[in-house]
J.: 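To start, I am sharing the structure in question, which I have written as structure tokens.
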Amino acid sequence: MSLRKIIKTRASFPSDEAAFKLLYLALQNIQKKWTMPIPNWGQALNALAILFEERFPNNLLNSFTQAF
């Protein structure tokens, strides 16, 4: 709902990258308000770690694999 509200106020975006940047920044702000854990986050994080291995810090991957 929060992301939809942010996108709805914009008439158009100059590029797809501009839309992704706006969503990324919005998620950073929305994340501060979240109190409930994200369902199936472990599975999602594993999939993202496989797809974007070079973007994940080693300490995050090590701590995550040890926890699960």
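Numbers here are sequence positions counted from 1. Only this structure's heavy atoms are used, side chains among them; waters, hydrogens and symmetry mates stay out.
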J.: Any pair with a residue in residues 22-41 that passes salt bridge (charged side-chain N to carboxylate O under 4.0 Å, His left out), sequence neighbours left out, goes on the list, sorted by first then second residue, please.
T.: none
J.: Roughly how far apart are Ile50 CD1 and Leu45 CG, rounded to 0.5 Å?
T.: 10.0 Å
J.: Under 3.5 Å, which donor-acceptor pairs link side chains of residues 16-28 to any protein atom two or more places apart or in another chain?
T.:
none

